[in-house]
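Structure, as structure tokens:
All heavy atoms count here, side chains included; hydrogens, waters and symmetry mates do not.
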Amino acid sequence: MVIELKNDDLQVKINEHGAELTSVKSVDDHIEYMWQADPKFWGRHAPVLFPIVGRLKDNQYTVNGQTYQMTQHGFARDMAFMVIEHEDDHAVFQLEATDETRGKYPFEFDLRVNFTLDAHTLSVHYTVTNPSNNETLPFSIGGHPAFNVPLEPGQGDFTDYFVTVAPKKAYQQIPLVGPYNDVKHEKTLNLSTPLSLDHDLFDQDALILDLDHVETTLMLSSQLNDHGVALTLQNAPYVGIWSPYPKRAPFVCLEPWWGIADNVDSDGDLMHKMDIQTAGPKTSFNAGFQIRFF
């Protein structure tokens, strides 16, 4: 089932399957900002990444000496959420632990994804609650929204777009060795000027920026028109910028992450995982981001 939000500026669609944002259209000129999941390139729109971000070494991890299997980005993106609130400008989706999830992830959890529409801005808020009376809940969470490039068919090409990052400065970039991080060989990426998009930027997979929890805005735009998107993160440790290589896909993802893939020297213990988040018994973790469409 698809849930719709709408105001005078934007029409938004969110699928209960995965609580996945699938469409954002401007009311006035009908521009579709979101990638429409053509499987020729990538068959998703904006999956929710939980309870891991990225890939585990050998797709497995251990908890208290027990080994569990889990594939890239976790299972939430492939599960049916429950809609627990829905108004014209607001919807909340909920996912709780099931027998299926406990076989992959031996924890109780309550994940809620809150979408709120205000003028030209869509806010996405994650709440992860630990219902346990005595166990700590380890997890990662993140977004993976994909935006059309170009935003309007026939209005330029992928290379006519750029990503502007504020604050404008040099960022630590975490390189990848295959699907894993190599934090011992971090590089510096100077983003004091806009990053011009080119498919070859992604020949080593995503560009991963260490934000150090500083409020950061990434703006995707072009000099060919006045339309674009601006994604703002208040407290995320990382953001990924990605488009599938070597495919010449007409989209780019701006990905806010509270977590990251395993490091190349990971020992596999989930509690030792790089930047793992935790929620203590009967406590909640909150995070989110805003996307302004113009």
Kindly indicate whether the side chain of [X], heavy atoms from C-beta on, has any atom under 4.5 Å from the side chain of [Y].
X: Val92; Y: His86; answer: no
X: Thr22; Y: Val12; answer: no
X: Arg292; Y: Thr217; answer: no
X: Leu111; Y: Phe81; answer: yes
X: Val128; Y: Phe50; answer: yes
X: Asn133; Y: Lys282; answer: yes
X: Ile141; Y: Val53; answer: no

What pairs of donor and acceptor atoms, side-chain ones from residues 193-210 against any protein atom, are under 3.5 angstrom apart with sequence neighbours left out?
| unit_1 | atom_1 | unit_2 | atom_2 | d |
| --- | --- | --- | --- | --- |
| Asp198 | OD1 | Asp200 | N | 2.8 |
| Asp205 | OD1 | Trp242 | NE1 | 3.1 |
| Asp210 | OD1 | Asp212 | N | 3.0 |

How long is the straight-line distance from [atom2] of [Y] back to [atom1] of [X], given to the nearest 0.5 Å?
X: Tyr105; Y: Thr98; atom1: OH; atom2: OG1; result: 12.5 Å
X: Ile174; Y: Glu186; atom1: CD1; atom2: CD; result: 5.0 Å
X: Leu191; Y: Thr164; atom1: CG; atom2: OG1; result: 9.5 Å
X: Asn148; Y: Tyr161; atom1: CG; atom2: OH; result: 9.0 Å
X: Cys253; Y: Leu220; atom1: SG; atom2: CG; result: 10.5 Å

Go through Trp258 and Asp275 one step at a time and tell me if the side-chain hydrogen bond (donor to acceptor under 3.5 Å, both in side chains) criterion holds. CA-CA 8 Å; Trp258 290 263; Asp275 265 301; over 6 Å; no
Give me the atom names and distance for the closest heavy-atom approach of [X] to [Y].
X: Leu56; Y: Met70; answer: CD1-O, 3.8 Å
X: Thr278; Y: Pro138; answer: CG2-CA, 4.3 Å
X: Leu95; Y: Ala80; answer: CD1-O, 3.8 Å
X: Pro256; Y: Leu231; answer: CD-CD1, 4.3 Å
X: Pro106; Y: Glu135; answer: O-OE1, 4.4 Å
X: Pro244; Y: Phe41; answer: CG-O, 4.1 Å

I'd like to know whether Arg112 forms a salt bridge (charged side-chain N to carboxylate O under 4.0 Å, His left out) with Asp110, so could you lay out the CA-CA distance, the side-chain angles of the two residues, the decisive distance to 0.1 Å, and finally the verdict. CA-CA 7 Å; Arg112 302 190 185 195; Asp110 180 324; 3.1 Å; yes
Going through the distances and angles, do Asn190 and Ser192 end up as a side-chain hydrogen bond (donor to acceptor under 3.5 Å, both in side chains)? CA-CA 6 Å; Asn190 186 357; Ser192 57; 2.8 Å; yes
Are [X] and [Y] linked by a side-chain donor-acceptor pair shorter than 3.5 Å?
X: Gln277; Y: Ser140; answer: no
X: Thr127; Y: Asn286; answer: yes
X: His272; Y: Asp267; answer: yes

ring-ring contact (aromatic ring centres under 6.0 Å, His included) partners of Tyr61, counting only residues at least two apart: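 Expected list: Tyr68.
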Is [Y] reachable from [X] through a run of hydrophobic residues whose side-chain heavy atoms are each under 4.5 Å from the next?
X: Phe115; Y: Ile3; result: yes
X: Ile52; Y: Phe75; result: yes
X: Phe158; Y: Met34; result: yes
X: Val48; Y: Trp257; result: no
X: Val165; Y: Val229; result: yes

Carboxylate-amine/guanidinium proximity below 4.0 Å for Lys273 and Asp262: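 So Lys273 pairs with Asp262 through a salt bridge.
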Lys/Arg-Asp/Glu bridge criterion (N-O < 4.0 Å) met for Lys6, Asp89: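 The answer is no: the pair does not qualify as a salt bridge.
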Do [X] and [Y] have their ring centres less than 6.0 Å from each other?
X: Phe107; Y: Phe109; result: no
X: Phe285; Y: Phe139; result: yes
X: Tyr33; Y: Phe147; result: no

Only one of Gln36, Glu32, Glu4, His45 forms a side-chain hydrogen bond (donor to acceptor under 3.5 Å, both in side chains) with Ser23, so which one is it?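 With Ser23 as partner, Gln36, Glu32, Glu4, His45 yield a single side-chain hydrogen bond (donor to acceptor under 3.5 Å, both in side chains), made by Glu32.
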Glu215: side chain to side chain donor-acceptor pair (under 3.5 Å) partners, not counting sequence neighbours: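 Per chain and number, Glu215 pairs via side chain to side chain donor-acceptor pair (under 3.5 Å) with no residue.
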Looking at Tyr171, I'd like to know if the NZ or CZ of Lys169 sits under 6.0 Å from its six-membered ring centre while staying within 45 degrees of the ring's axis.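 Pair Lys169/Tyr171 counts as cation-pi.
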